[in-house]
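Accompanying notes for the structure given below.
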Amino acid sequence: MKILVTVKRVIDYNVQVRVKADNSGVEKENVKMSMNPPDENAVEEALRIKEAGKADEIIILSIGEEKCQETIRTALAMGADRGILIKATDDVEPLSVSKLISKIVETEKPGLILMGKQAIDDDSNQTAQMTSALLNWPQATFASKIDIEENTAIVTREIDEGLERVKVKMPFIASCDLRLNEPRYASLPNIMKAKKKPIDIKSAEELGVDIKPRIENIKISEPPTRQKGVMVADVAELVQKLKYEAKVI
Amino acid sequence: MSILILAEHNNLEVKSSTLNTISAASKVGSEIDILVIGSDIENIAKEIANYQHVSKVISLDDKNFEHAIAEKIDPVIVSIADKYSHIFAPATTFGKNVMPRVAVKLDVAQISDVINIESEDTFIRPIYAGNALATVKSNDDKKVITVRPTSFDVVAKDGGSGIVESINFESSETFTEFLDREESKSDRPELSTARIVVSGGRGLQSAENFKLINNIADKLNAAIGASRAAVDAGYVSNDYQVGQTGKVVVPDLYIAVGISGAIQHLAGMKESKIIVAINKDEEAPIFNIADYGLSADLFEALPQLSSELDKLNSIEK
């Protein structure tokens, strides 16, 4: 079985994001970029499934600028086998992303697709669900545990109320939660090896997918800032303030 | 403008997220139909018909739809989507699971987690964990939208005079089977709608110590929250998580105990009216957004807080 894992290059989660002065977007120049955190969990899960002898090949797919190859290399250094980059601008909407992924699925025919549950840049949380609907494959979103059996898998999903377990038939798509596993670090020898692993470069055009945006960004603005409050000396003062100043208790 | 809303419920009760979503949709138009899908939901359908702004409840009451399997729900919405200009659902794990499927089948982009509605086609949504707000205009003929429940008021549960219309739907085969659910049972207020939330972080150091948070929450009749670090460390389960990938809360009072204030956590609570931070580390970023900060060892501060609250309660009595 092949596993297809999608990865997105995003501003590193530790970076304090700044809105551009002209409200056209956020500052991306000279900002550290990394793999979207839950995508790392997706890569890790694929590696564990392969190590358990349930998969033979892990393909990493990314969509975006040339530099997304770095993100693909990161996944290859973790242990994935080969990469595919679909070259595009870095703001392809989930609707188009899911269509592009479906095209790759047609030719690669994976038995499982793993994705992060949400990208931490646009926070859309759509791509896995859309891809599942396009392919008519079962979906298991927000997965915190995946047990693959013969032709089915049992997936534990993190939902607002707690946990839910579903049984899905293979092939299926899972969107991975941060608690699915602890992603490994790439070892130096593996980083060297990854440099030789192949990355196939494609374009949306050659795949015949229209990626024209449907949503117009009118403006990107700063959220209202909170005024810094006061420090209190002790618990007694805190309770007094909450009771008589803020009047919330 | 004709609007369809997918209601969230558990076959027994309507979730408050449905009331927030109706309120959000009412800013777009006044013709609002609610789709209720479930099993044994006659009472729920009747209840929703009385809500403010509701014109019609479309009820699909079928044992086959007892559990909210996204793959079963989206075809129902798509089958009636023709009549509507806007389709709304709450941006809860329920709505997030279903709506992108509807959007892609209608070949439209979904607008996720809307916090404000500017016009029928222009919406405001947070991006980058709320560190930026995007004002976006949809150029699709149909708008598929999920709304952040805590950003909108709830509508009144009466004053409406909607009608209930029953429909049937023949599902095609799906390959996803519901097995079971483990829901945290609690007598406390629900986290996403509570007036007061007391949250604990890694500073608590263990699941055992986390009970100190429960004690304070009991005294304030508050819901309990947690940072991702505390959930990852196994102190409490995932449904307590407040943050970018957890729940977003907007209580009157949010007390963050032993939480440093990572960007991901702030995304879930920084709209709270009053924020209190208790942390040993004076430099912790949480103090930058706190209305009241107390730099103290939480293992000393929490018992003190507990007894101060007792004093307060005894004065009131």
Side-chain angles (χ1 to χ4, degrees), chain A residues 11 13 16-17 19 26 93-95 98 117-118 120-126 129-130 132-134 138-139 141-142 144 154 158-169 178-179 214-223 226 228-232 235-236 238-239 241-243 246 248-249, chain B residues 70-71 74 92-93 96-97 100-101 103-105 108-113 122 126-140 175-184 220 232 237-239 244-245 247 252-253 270 274 276 288-295 301 304-305 308 312:
Chain A
I11 296 180
Y13 75 102
Q16 177 69 47
V17 171
V19 172
V26 303
E93 290 170 358
L95 178 69
S98 63
K117 74 166 177 179
Q118 174 174 338
I120 62 165
D121 50 4
D122 66 2
D123 284 330
S124 285
N125 196 331
Q126 299 174 7
Q129 296 88 316
M130 286 184 165
S132 156
L134 279 179
Q139 77 178 32
T141 50
F142 329 136
S144 62
I154 292 177
E158 297 210 343
I159 55 169
D160 288 339
E161 295 83 3
L163 298 172
E164 179 179 283
R165 287 193 319 142
V166 291
K167 187 172 178 182
V168 287
K169 214 168 150 185
L178 293 160
R179 269 177 294 280
R214 310 290 186 86
I215 293 173
E216 226 175 287
N217 272 329
I218 307 283
K219 67 170 180 192
I220 308 296
S221 49
E222 292 269 4
R226 282 189 88 95
K228 197 176 157 129
V230 294
M231 296 298 286
V232 294
V235 169
L238 175 64
V239 171
K241 294 264 195 202
L242 291 178
K243 177 83 186 164
V248 285
I249 58 171
Chain B
E71 294 94 314
D74 75 76
T92 53
T93 49
K96 288 172 185 172
N97 207 27
R101 306 180 58 85
V104 77
K105 287 190 181 173
V108 303
Q110 172 178 304
I111 303 175
S112 295
D113 211 17
T122 305
I127 52 175
Y128 292 95
N131 285 302
L133 299 179
T135 305
V136 295
K137 179 171 176 283
S138 161
N139 290 323
D140 285 315
F175 305 108
T176 307
E177 184 192 337
F178 171 88
L179 294 180
D180 50 35
R181 253 187 192 201
E182 216 176 278
E183 296 192 13
S184 306
L220 291 166
D232 285 352
S237 58
N238 67 287
D239 44 308
Q244 184 180 16
T245 62
K247 292 196 174 81
D252 289 346
L253 173 61
K270 68 179 178 183
I274 298 289
V276 169
N288 294 330
I289 61 149
D291 298 283
Y292 302 108
L294 174 63
S295 170
Q304 287 168 9
L305 180 55
E308 287 291 331
L312 216 57

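Numbered from 1 within each chain, the chains take letters A, B, ... in sequence-line order.
Both the backbone and the side chain of A:V248 come within less than 4.5 Å of a heavy atom in chain B. Contact of B:A132 with chain A is made through backbone and side chain together, with heavy-atom distances under 4.5 Å. Heavy-atom distances place no part of A:P94 under 4.5 Å from chain B, backbone and side chain included. Of the two parts of B:L305, the backbone and the side chain both hold a non-hydrogen atom closer than 4.5 Å to a non-hydrogen atom of chain A. Contact of A:S221 with chain B is made through backbone and side chain together, with heavy-atom distances under 4.5 Å. In this structure, the portion of A:L238 lying under 4.5 Å from any heavy atom of chain B is its side chain and not its backbone. Both the backbone and the side chain of A:E158 have a heavy atom closer than 4.5 Å to some heavy atom of chain B. Both the backbone and the side chain of A:Q126 come within contact range of chain B, each with at least one heavy atom under 4.5 Å from a heavy atom of that chain. With a 4.5 angstrom heavy-atom cutoff, B:T245 touches chain A via backbone and side-chain atoms both. Only the side chain of A:V19 comes within less than 4.5 Å of a heavy atom in chain B; its backbone stays farther off. Both the backbone and the side chain of B:K96 have a heavy atom closer than 4.5 Å to some heavy atom of chain A.
Note: B:A109 leads B:A70, B:A103, B:A109 in heavy-atom pairs under 4.5 Å with chain A. Counting heavy-atom pairs under 4.5 Å between each of B:L220, B:D252, B:N139 and chain A puts B:N139 at the top. In terms of heavy-atom pairs under 4.5 Å with chain B, the best-connected choice from A:I11, A:L134, A:V166 is A:V166. Counting heavy-atom pairs closer than 4.5 Å to chain B, the top-ranked of the candidates A:V232, A:D122, A:V168 is A:V232. Looking only at heavy-atom pairs under 4.5 Å with chain A, the residue among B:Q304, B:E71, B:K270 that has the most is B:E71. Put simply, of A:P138, A:S132, A:S144, the one with the most heavy-atom pairs under 4.5 Å next to chain B is A:P138. For the set A:K169, A:R179, A:K241, the count of heavy-atom pairs under 4.5 angstrom toward chain B peaks at A:R179. Ranked by heavy-atom pairs under 4.5 Å with chain A, the first of B:I111, B:D140, B:L253, B:N288 is B:D140. Ranking A:I218, A:D160, A:L95, A:L178 against chain B, the residue ahead of the rest is A:D160, based on heavy-atom pairs under 4.5 Å. Annotation: maximal heavy-atom pairing with chain B below 4.5 Å, among A:A246, A:A236, A:S98, A:A133, occurs at A:A133.
Checking side-chain atoms of B:T93 against main-chain N and O of A:I159 turns up no donor-acceptor pair under 3.5 Å. Side-chain N or O atoms of B:K247 include one that pairs as donor or acceptor with a backbone N or O of B:D239 at under 3.5 Å. The closest donor-acceptor contact from the side chain of A:E164 to the backbone of B:D180 lies at 3.5 Å or more, if one exists at all. In this structure, the side chain of B:D74 does not engage the main chain of B:R101 through any donor-acceptor pair within 3.5 Å. A donor-acceptor pair is defined here as one N or O able to donate and one able to accept, closer than 3.5 Å; no such pair exists between the side chain of A:D121 and the backbone of B:Y128. At least one donor-acceptor pair under 3.5 Å links the side chain of B:N238 to the backbone N or O of A:G162. No donor-acceptor distance shorter than 3.5 angstrom exists from the side chain of B:K137 to the backbone of A:N217, with no hydrogens or angles considered.
With hydrogens and angles left out, the side-chain atoms of B:N97 and A:T141 include a donor and acceptor closer than 3.5 Å. A donor-acceptor contact closer than 3.5 angstrom links the side chains of A:N125 and A:Q129.
Between B:E308 and A:V239, the shortest heavy-atom contact is CB-CG2, 3.7 Å.
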Give the intermediate values and the outcome of side chain to side chain contact (heavy atoms under 4.5 Å, CB included) for residues A:L242 and B:Y292. CA-CA 9 Å; A:L242 291 178; B:Y292 302 108; 3.8 Å; yes
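Within the 4.5 Å cutoff, the side chain of B:S138 has no heavy atoms near those of the A:R214 side chain.
For the ring pair (Phe, Tyr, Trp, His ring centres under 6.0 Å) test, residues two or more places apart in sequence or in another chain that qualify with B:F178 are B:H67.
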